[in-house]
Amino acid sequence: MNEHILFCKKLTGRTTGQDVFNVIDNFFSQHKLDWKSCSHVCTDGAAAMTGRVNGLMAHIKKLKNEFNSYFPDIDNKSSTLDWVCNPFVTCINSSIPARLQEDLIDVSSDRSLTMRYSSTPLTQFWCGVEKEYPELGKHALNELLPFGSTYLCEVTFSAMTHIKTKHRNRLNLENNLVTAVATISPRLTKLMREKQAQVSH
């Protein structure tokens, strides 16, 4: 599982919560992304972000309420995923396919996996399980996909303060910031091939 910065856009004119929301919503629409995939939001705490009425969070919560009205059992569904959070203390759950329940029993009784579970992050643990139990590991990782960390968001804010200083306050951050925090290696050969060499005179 890899975390990667989604996009960076410059706000022109106002910077209210509605404006920020519109920029994100337009990006989601252009790239066919679904707001239901947004599991949490990390902000700098500014009023435009956290305002209860017009802040970005207010608009996202409104979407969440609309989503819950269509899927009222979402909280009940989350309780069936306890086996993903800790496969060693939960009972066999009928929510997973029968063919995977035997694998889960094997995992829960494996002492080496128990030791690994206590010393590694949950996603890394299931990545390791996937090598021995491919179907069970893949099933667990699919359930974990919506739950990322705030680490990338914090790193992005930190990079922004270093890139955009008072001496470079008119700098467009879009390309620079994405490059600074990207977790995916650039395809340098492809980039170089697409650039025309400058002919010397």
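- In this structure, Glu102 places its CD atom where only 12 or fewer heavy-atom neighbours from other residues, nucleotides or ligands lie under 6.0 Å away.
- With a 4.5 Å cut-off on side-chain heavy atoms, Pro87 and Phe125 count as touching.
- A donor-acceptor contact shorter than 3.5 Å is absent between the side chain of Asp110 and the backbone of Asp106.
- Two residues are said to be in side-chain contact when any heavy atoms from C-beta on lie closer than 4.5 Å; Leu113 and Glu132 meet this criterion.
- Between the Asp25 side chain and the Phe21 main chain, no donor and acceptor come within less than 3.5 Å of each other.
- Distance CD1/Ile105 to CD/Gln101: 7.0 Å, rounded to 0.5 Å.
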Given side chain to side chain contact (heavy atoms under 4.5 Å, CB included), test Trp83 with Leu136 step by step and report yes or no. CA-CA 11 Å; Trp83 66 273; Leu136 181 66; 3.7 Å; yes
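- Atom CD1 of Ile24 and atom OG of Ser29 lie 11.5 Å apart (nearest 0.5 Å).
- In the model, Asp19 has a side-chain atom that pairs as donor or acceptor with a side-chain atom of Thr16 under 3.5 Å.
- Between His139 and Trp126, the ring center distance fails the sub-6.0 Å criterion.
- For the 3.5 Å distance criterion, the side chains of Asn26 and Gln30 fail to qualify, holding no donor opposite an acceptor.
- Closest non-hydrogen pair, Leu122 versus Cys85, comes out as CD1-O, 3.7 Å.
- Side-chain contact between Tyr133 and Leu100 is absent, with no heavy atoms from C-beta onward closer than 4.5 Å.
- Residue Ala140 comes nearest to Val84 through the heavy atom pair O-CG1, 4.0 Å, listed as atom of the first residue, atom of the second, then distance.
- Here the closest heavy-atom approach between residue Val129 and residue Arg116 is recorded as N-NH1, 4.2 Å.
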